[in-house]
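This report refers to the structure that appears directly beneath it.
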Amino acid sequence: MSLEWNDVVLKDVLSEKGYIRGPFGSALKRTEMKSEGIPVYEQQNAIYDNRIFRYFIDEEKYQSLKRFTTYPDDLIISCSGTVGKVSIIKDDDPKGIISQALLTLRVNKDLILPEFLKYFFCSYEGYNSLVSRSTGSVQVNISKRAVIEEIPLKLPPLDIQQKIVYYLSLIDKKIETNEEINKNFK
């Protein structure tokens with residue numbers, strides 16, 4: 001078991017075509033949205049880590065935008081206004097596409113666990129690495145791909161990542177349980 005942590009940048013741990021910014025607004029118009037069908041993941045899905053969908057597209061529109069499809073273990077990141085909030089697509093989440101206000105990161109699982117990268121971006125250092133590189137004074141937007149892909153991170157071996165993810169997920173579950181208990185007492 002190696003204990004050495006490597007200095008890498010984000011692009012080093014992404015899979016091929018692992019950086020996908022949502023479609024331009026003109027590619028996904030509100031008039032094309034449906035009340036059912038294939039869901040469109042929006043910023044609120046990353047910000048609140050929920051799977052409540054307001055908009056859907058039909059199969060024909062999906063075929064024209066399928067390069068924006070979400071897959072299990074993809075990270076979706078909010079890109080505008082509330083920049084840098086992260087959610088991970090789980091196995092039981094519905095197949096959908098991302099909106100123009102989201103960024104998908106798909107990792108090389110031989111190098112990094114998706115959950116480890118999510119925890120990095122949820123940390124003070126990781127969150128600030130996204131936000132400090134963002135641009136705009138009125139409406140803050142995530143920076144260009146070339147800038148985001150150069151975000152530095154310390155990468156431990158996979159076995160250490162697994163342990164870190166395990167313990168952080170235990171803490172998350174404890175927090176979730178405590179929040180549920182608190183809701184019941186109100």
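Worth saying up front: this structure is predicted, and the values here are computed from it rather than measured.
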Chi angles and distances behind the side-chain contact (heavy atoms from CB on, under 4.5 Å) call for T104, F68 | CA-CA 8 Å; T104 296; F68 303 106; over 6 Å; no
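- Looking at every heavy atom in both residues, N45 comes nearest to R51 through O-NH1, 3.3 Å.
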Please assess Y62 against T69 for the test side-chain hydrogen bond (donor to acceptor under 3.5 Å, both in side chains), listing each intermediate value before the final yes or no.
-> CA-CA 8 Å; Y62 170 74; T69 299; 2.7 Å; yes
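- Going from atom CG of D12 over to atom CG of N6 covers 10.0 Å, rounded to the nearest 0.5 Å.
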Evaluate the criterion side-chain contact (heavy atoms from CB on, under 4.5 Å) for residue pair F120 and I112; output intermediate values, then yes/no.
-> CA-CA 11 Å; F120 169 74; I112 190 169; over 6 Å; no
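- In K61, the NZ atom is crowded: over 12 heavy atoms of neighbouring residues, nucleotides or ligands sit closer than 6.0 Å.
- Both I151 and V140 belong to a single network of hydrophobic side chains, linked directly or stepwise wherever heavy atoms of I, L, V, M, F, W or Y lie under 4.5 Å apart.
- Summarising the geometry of I142 relative to I77, their closest heavy-atom pair is CD1-CG2, 4.4 Å, with the distance given to 0.1 Å.
- For F121 against S129, the heavy-atom pair with the smallest separation is CE2-OG, 4.1 Å.
- With contacts defined as side-chain heavy-atom distances shorter than 4.5 Å, the pair T70/D93 does not qualify.
- Listed here is the closest heavy atom pair of Y19 and L105: CD1-CD2, 3.7 Å.
- No donor-acceptor distance shorter than 3.5 angstrom exists from the side chain of S78 to the backbone of A46, with no hydrogens or angles considered.
- A 4.5 Å side-chain heavy-atom check between I38 and E59 finds at least one atom pair inside the cut-off.
- Among all heavy-atom pairs drawn from P39 and K95, the shortest one is CD-O, 3.1 Å.
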Between E115 and I88, is a side-chain contact (heavy atoms from CB on, under 4.5 Å) present by the stated rule, with each step listed?
-> CA-CA 7 Å; E115 299 87 353; I88 193 164; 4.3 Å; yes
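- Q161 CD to L158 CG: the interatomic distance, rounded to the nearest 0.5 Å, is 5.0 Å.
- Atom-to-atom distance recorded for E36:CD and F53:CZ is 14.5 Å, nearest 0.5 angstrom.
- A donor-acceptor contact shorter than 3.5 Å is absent between the side chain of Y71 and the backbone of I89.
- Between the side chains of S87 and Y48, no donor N or O sits under 3.5 Å from an acceptor N or O.
- Between R133 and P152, the shortest heavy-atom distance links the atoms NH2-CD, 3.5 Å.
- Applying the side-chain contact (heavy atoms from CB on, under 4.5 Å) test between L155 and each of L117, V13, D7 identifies V13 as the sole match.
- Judged purely by atom type and a 3.5 angstrom limit, Q44 uses its side chain to pair as donor or acceptor with the backbone of I52.
- Between M33 and I57, some side-chain heavy-atom pair lies under the 4.5 Å cut-off.
- With rounding to the nearest 0.5 Å, the separation of CG in L102 from CD in Q43 is 6.5 Å.
- Checked by atom type and distance alone, the side chain of S80 never pairs as donor or acceptor with a backbone atom of A101 at under 3.5 Å.
- Of the possible polar contacts, none joining the N184 side chain to the I181 backbone as a donor-acceptor pair under 3.5 Å is found.
- Within a 6.0 Å sphere centred on CD of E60, other residues, nucleotides and ligands contribute 12 heavy atoms or fewer.
- Following chains of ILVMFWY side-chain contacts shorter than 4.5 Å, one can reach L14 starting from V86, so the two form part of one hydrophobic cluster.
- Interatomic distance, K11 NZ to I148 CD1, rounded to the nearest 0.5 Å: 13.0 Å.
- Under a hydrophobic clustering in which Ile, Leu, Val, Met, Phe, Trp and Tyr are joined whenever their side-chain heavy atoms come within less than 4.5 Å, directly or via other members, V8 and W5 fall into the same cluster.
- Note that CG of L113 is 9.5 Å distant from CD1 of I164, once rounded to the nearest 0.5 Å.
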What's the verdict on salt bridge (charged side-chain N to carboxylate O under 4.0 Å, His left out) for E176 and K173, showing C-alpha distance, side-chain angles and the deciding distance?
-> CA-CA 5 Å; E176 193 176 298; K173 287 176 187 158; over 6 Å; no
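- Atom CD of Q63 has more than 12 heavy atoms from other residues, nucleotides or ligands within 6.0 Å.
- Note on L28: it clusters hydrophobically with I76, by side-chain heavy-atom contacts below 4.5 Å among ILVMFWY residues.
- Residues I98 and L130 do not share a hydrophobic cluster, defined by chaining ILVMFWY side chains whose heavy atoms lie under 4.5 Å apart.
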